[in-house]
Amino acid sequence: ALFMENARKGSIVSRANSIGSTSASSVPNTDDEDSDYHQEPYKESYKDRRRRAHTQAEQKRRNAIKKGYDDLQAIVPTCEQQDFSIGSQKLSKAIVLQKTIDYIQFLHKEKKKQEEEVSTLRKDVMALKIMKVNYEQIVKAHQDNPNEGKDQVSDEVKFNVFQGIMDSLFQSFNASISVTSFQELSACVFSWIEEHCKPQTLRDIVIGVLHQLKSQLY
């Protein structure tokens, strides 16, 4: 009976141990859960930091763009003028850009116009310098020969000089101009002027006419 009693107790202890081990294996690992629990807030805070940094960068970019448009609106004069089509509303970005483009194109045209005016003024200055040199030579020649030129030229001689110049020009004009239509006549006239009325060409014509009259008079 004692032996049977000990065997029964041993069986009960063995079953208890097996049940305990099975229960222990079925219970989840609380240490792992604690580890996961501590890591989850770190992941969330990292995402929050990335989201906050992205938001700040985006806000900084938008502020820079807004400042750029504000600067354009302050620099471009047409943006400051009142636009009655939109009333007192704030100018949109599209309108600011269009007005800026228009103003830049206007500045380019003004620059080109000023460059052309400067070029014209330089030509005028050059012509005045040439005239100044010519007048100085005339004055010097008169000072060297004060008696020269006292005998005035008659109107007939002046007319002969003018006639000789015009005859020479008309020869080239008649050979170059076509009168089949008014459009062709206009085009030929401008071409003739550019080719036969250059300062050097006219100078050569006048010199030739003067030499011819001089040989006739003397």
Side-chain angles (χ1 to χ4, degrees), residues 1-130 183-184 186-187 190-191 193-195 198:
L2 181 60
F3 175 77
M4 293 296 292
E5 181 67 21
N6 289 333
R8 185 176 64 81
K9 290 181 178 181
S11 177
I12 293 172
V13 171
S14 176
R15 282 184 295 170
N17 289 333
S18 63
I19 292 172
S21 61
T22 303
S23 301
S25 63
S26 63
V27 174
N29 190 348
T30 56
D31 293 338
D32 294 339
E33 286 186 351
D34 292 340
S35 177
D36 294 339
Y37 177 77
H38 289 299
Q39 290 179 0
E40 187 67 21
Y42 173 77
K43 291 181 181 179
E44 289 296 327
S45 61
Y46 176 71
K47 291 181 179 179
D48 291 340
R49 286 197 299 271
R50 286 190 60 185
R51 186 180 298 107
R52 184 169 58 255
H54 177 72
T55 302
Q56 292 176 352
E58 181 65 19
Q59 185 63 38
K60 185 178 180 180
R61 184 183 69 86
R62 292 183 179 181
N63 291 336
I65 294 174
K66 181 179 181 299
K67 184 178 182 300
Y69 278 101
D70 292 341
D71 292 341
L72 282 178
Q73 192 166 353
I75 293 173
V76 178
T78 53
C79 290
E80 297 179 354
Q81 298 174 358
Q82 185 178 3
D83 193 343
F84 296 99
S85 61
I86 61 175
S88 60
Q89 298 178 1
K90 184 179 179 181
L91 295 178
S92 64
K93 294 179 179 179
I95 295 178
V96 172
L97 285 179
Q98 186 60 50
K99 287 181 176 291
T100 303
I101 293 172
D102 295 340
Y103 185 63
I104 292 174
Q105 292 177 346
F106 167 75
L107 291 179
H108 279 300
K109 292 180 180 178
E110 287 295 315
K111 182 186 176 195
K112 185 177 180 180
K113 182 179 178 182
Q114 290 177 358
E115 289 176 350
E116 293 176 353
E117 291 178 353
V118 170
S119 178
T120 302
L121 291 174
R122 286 177 178 173
K123 292 179 181 178
D124 293 341
V125 170
M126 183 62 65
L128 290 173
K129 287 181 178 179
I130 294 173
Q183 290 79 4
E184 189 172 357
S186 301
F190 285 109
S191 300
I193 291 175
E194 293 177 356
E195 183 177 357
K198 297 178 181 179

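Starting from 1, each residue takes its place in the sequence as its number.
The two residues Leu91 and Cys79 have their closest heavy-atom pair at CD1-O, 3.4 Å. In terms of heavy atoms, Glu58 sits closest to Arg61 at OE2-NH2, 2.6 Å.
With respect to Glu115 and Lys112, no salt bridge is recorded, no charged nitrogen being found less than 4.0 Å from a carboxylate O. A salt bridge does not link Lys99 with Asp102: none of the charged nitrogens is closer than 4.0 Å to a carboxylate oxygen.
If you take CE on Met126 and CD1 on Ile130, they are separated by 6.5 Å, rounding to the nearest 0.5 Å. Taken to the nearest 0.5 Å, the CZ atom of Arg122 stands 11.0 Å off from the OG1 atom of Thr120. The line from CD of Gln73 to CD1 of Ile95 is 9.5 Å long, rounded to the nearest 0.5 Å. Here the straight-line distance linking atom CD of Gln98 with atom OG1 of Thr78 works out to 10.0 Å at 0.5 Å rounding. Taken from CD in Glu117 to CD in Glu110, the straight-line distance is 8.5 Å, to the nearest 0.5 Å.
Every salt bridge (charged side-chain N to carboxylate O under 4.0 Å, His left out) that Asp70 has, sequence neighbours left out, goes to Lys66. With sequence neighbours excluded, the residues forming a salt bridge (charged side-chain N to carboxylate O under 4.0 Å, His left out) with Lys67 are Asp71, listed by chain and number.
The closest side-chain heavy-atom distance from Gln56 to Lys60 is not below 4.5 Å.
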